[in-house]
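To keep things clear, I will list the structure first and then write my remarks on it.
Just so you know, residue 1 is the first one in the sequence shown, and it goes up from there.
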Amino acid sequence: MTVLVIPIASESSGFQLQPSRLHPLDHHLLSHSPLFQPTQLRSTPSRVVNCITMSLSSASSTLLRTCARQQLPTTRAAVTSCQQRRGVADAKASFESPFVNAGERGSTVKIPNFGKYQSKSSPRSNHVFSYFMAGTMGLASAVGAKATVQDFLVNMSASADVLAQAKVEIALGAIPEGKNVIIKWRGKPVFIRHRTQSEIDEARQTKWETFRDPQSDEDRVQRPEWLVMLGVCTHLGCVPIGEAGDYGGWFCPCHGSHYDISGRIRRGPAPLNLEIPAYQFPEDETLVIG
């Protein structure tokens with residue numbers, strides 16, 4: 001509210017009122033009031049002028065407050081209409097706010113009450129139900145993950161024809177002493193030698209410590225009379241010839257590698273002995289490779 005400042009200057013014939021920085025409403029009242037006409041001001045004492053000025057300020061403040069009260073219902077109606085358009089709950093909703101009082105007249109804080117959606121069961125029952133649902137969903141997720149991983153592993157595993165070749169069973173009774181047999185296992189040739197006692201003695205009496213690939217005969221066989229090896233030369237993958245070479249074992253004609261009766265390299269470019277596959281004797285006359 002603008003404070004009225006009315007300087008008063010004295011003249012010989014009386015007083016003169018000069019309004020300064022007046023509110024437009026105060027200026028209107030001054031111009032239409034009979035008390036403030038020039039003819040009246042000349043004969044009005046200074047105390048009367050001051051009282052009239054204070055009364056004028058109070059009157060203008062009262063007039064503004066009256067106008068505001070008259071406009072308040074219209075403003076409230078506009079706010080209520082805006083709230084209804086935005087979906088705010090009506091006055092029946094209740095909410096205890098820690099900051100404002102929702103029940104105060106003219107308050108716009110109308111938050112709905114969701115009490116009818118609250119569970120009527122005890123907190124313990126709600127906890128049990130929540131744990132049950134979480135456990136059930138976890139179990140279902142684990143079962144789904146297991147099925148997915150299992151299907152993936154089955155698709156990536158070897159086929160039936162490959163698994164059929166994983167192991168080969170041989171009847172040893174059909175192999176005479178001193179003879180070689182060549183079978184196919186996983187696409188590779190396998191040499192099976194039924195050695196005689198003289199061949200066993202020769203293989204074990206040799207000074208194997210000085211060989212290119214030193215290995216004793218005992219480490220290469222499970223039974224002294226049966227020698228099982230992969231028929232692939234360790235030089236370039238050729239197939240050696242049995243019962244040939246300088247040592248009575250195997251000879252690779254491609255590059256001249258000589259192997260003894262235990263399959264150990266003795267001469268030629270091959271760097272290693274003939275490889276021993278995994279095998280076992282489930283029975284006395286049965287050999288299983290793989």
Side-chain angles (χ1 to χ4, degrees), residues 146-200 202-204 206 208 211-290:
K146 175 183 176 297
T148 303
V149 173
Q150 184 176 5
D151 292 343
F152 177 76
L153 294 178
V154 168
N155 293 331
M156 295 297 293
S157 61
S159 58
D161 56 345
V162 175
L163 294 176
Q165 299 178 0
K167 292 185 178 182
V168 177
E169 184 175 343
I170 301 97
L172 299 177
I175 304 175
E177 188 178 6
K179 296 297 181 179
N180 291 333
V181 173
I182 302 176
I183 66 171
K184 187 177 181 180
W185 175 69
R186 294 184 178 178
K188 300 177 181 179
V190 177
F191 297 159
I192 302 176
R193 174 75 177 183
H194 191 179
R195 298 189 300 182
T196 62
Q197 186 62 39
S198 61
E199 292 173 347
I200 296 173
E202 179 184 356
R204 295 192 173 184
T206 305
W208 54 268
F211 293 168
R212 183 179 301 170
D213 185 13
Q215 191 176 17
S216 64
D217 184 73
E218 291 82 355
D219 294 338
R220 294 179 59 82
V221 295
Q222 296 182 15
R223 291 182 181 180
E225 66 274 19
W226 295 104
L227 177 64
V228 181
M229 306 177 300
L230 290 180
V232 179
C233 181
T234 57
H235 181 217
L236 293 177
C238 304
V239 179
I241 300 173
E243 298 179 358
D246 297 342
Y247 302 93
W250 288 264
F251 171 71
C252 181
C254 298
H255 303 91
S257 297
H258 298 260
Y259 299 90
D260 63 7
I261 198 60
S262 184
R264 296 170 295 197
I265 183 65
R266 301 290 293 273
R267 184 183 298 173
L272 301 173
N273 303 330
L274 294 177
E275 183 180 355
I276 304 298
Y279 67 93
Q280 58 183 346
F281 297 95
E283 299 177 359
D284 293 339
E285 298 295 329
T286 303
L287 171 65
V288 177
I289 303 175

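Relative orientation of the His258 and Tyr247 rings is perpendicular, given thresholds of 30° and 60° on the angle between their planes. Taking the six-membered ring for Trp and thresholds of 30 and 60 degrees, Phe191 and Trp250 have nearly parallel ring planes, at less than 30 degrees apart.
Between Glu275 and Arg220, no side-chain nitrogen of the basic residue sits less than 4.0 Å from a carboxylate oxygen of the acidic one, so the salt-bridge criterion is not met. At a threshold of 4.0 Å, the pair Glu177-Arg195 does not count as salt-bridged, since none of the basic side-chain nitrogens sits closer than that to a carboxylate oxygen. In this structure, Asp246 pairs ionically with Arg267, as a charged nitrogen and a carboxylate oxygen lie closer than 4.0 Å. The pair Asp284-Arg223 meets the salt-bridge criterion, with a side-chain N (NZ, NE, NH1 or NH2) lying under 4.0 Å from an Asp/Glu carboxylate O.
Smallest separation of non-hydrogen atoms from Val232 and Pro189: CG2-CD, 4.2 Å. Nearest heavy-atom pair, Pro277 versus Leu230, reported as atom, atom and distance to 0.1 Å: CD-N, 4.0 Å. Nearest heavy-atom pair across Trp185 and Val168 is CD1-CG2, 3.3 Å.
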Leu236 and His255: CA distance, side-chain angles, deciding distance, side-chain contact (heavy atoms from CB on, under 4.5 Å) verdict: CA-CA 9 Å; Leu236 293 177; His255 303 91; 3.2 Å; yes
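To the nearest 0.5 angstrom, Gln280 atom CD is 11.0 Å from Thr286 atom OG1. Atom CG of Asn180 and atom CZ of Arg193 lie 4.5 Å apart (nearest 0.5 Å). For the atom pair SG (Cys233) and CD1 (Ile265), the distance works out to 6.5 Å, reported to the nearest 0.5 Å. Here the CD1 atom belonging to Ile261 is positioned 10.5 Å from the OG1 atom belonging to Thr206, to the nearest 0.5 angstrom. How far CD1 of Ile192 is from CG of Leu227: 10.0 Å, rounded to the nearest 0.5 Å.
Without hydrogens or angle criteria, Asp260 side chain to Gly249 main chain gives no donor-acceptor distance under 3.5 Å. Within the 3.5 Å criterion, the main-chain N or O of Gly178 finds no donor-acceptor partner in the side chain of His194.
Between Val228 and Ile289, the closest side-chain pair of non-hydrogen atoms falls below 4.5 Å. In this structure the side chain of Thr234 reaches within 4.5 angstrom of the side chain of Tyr259, judged on heavy atoms.
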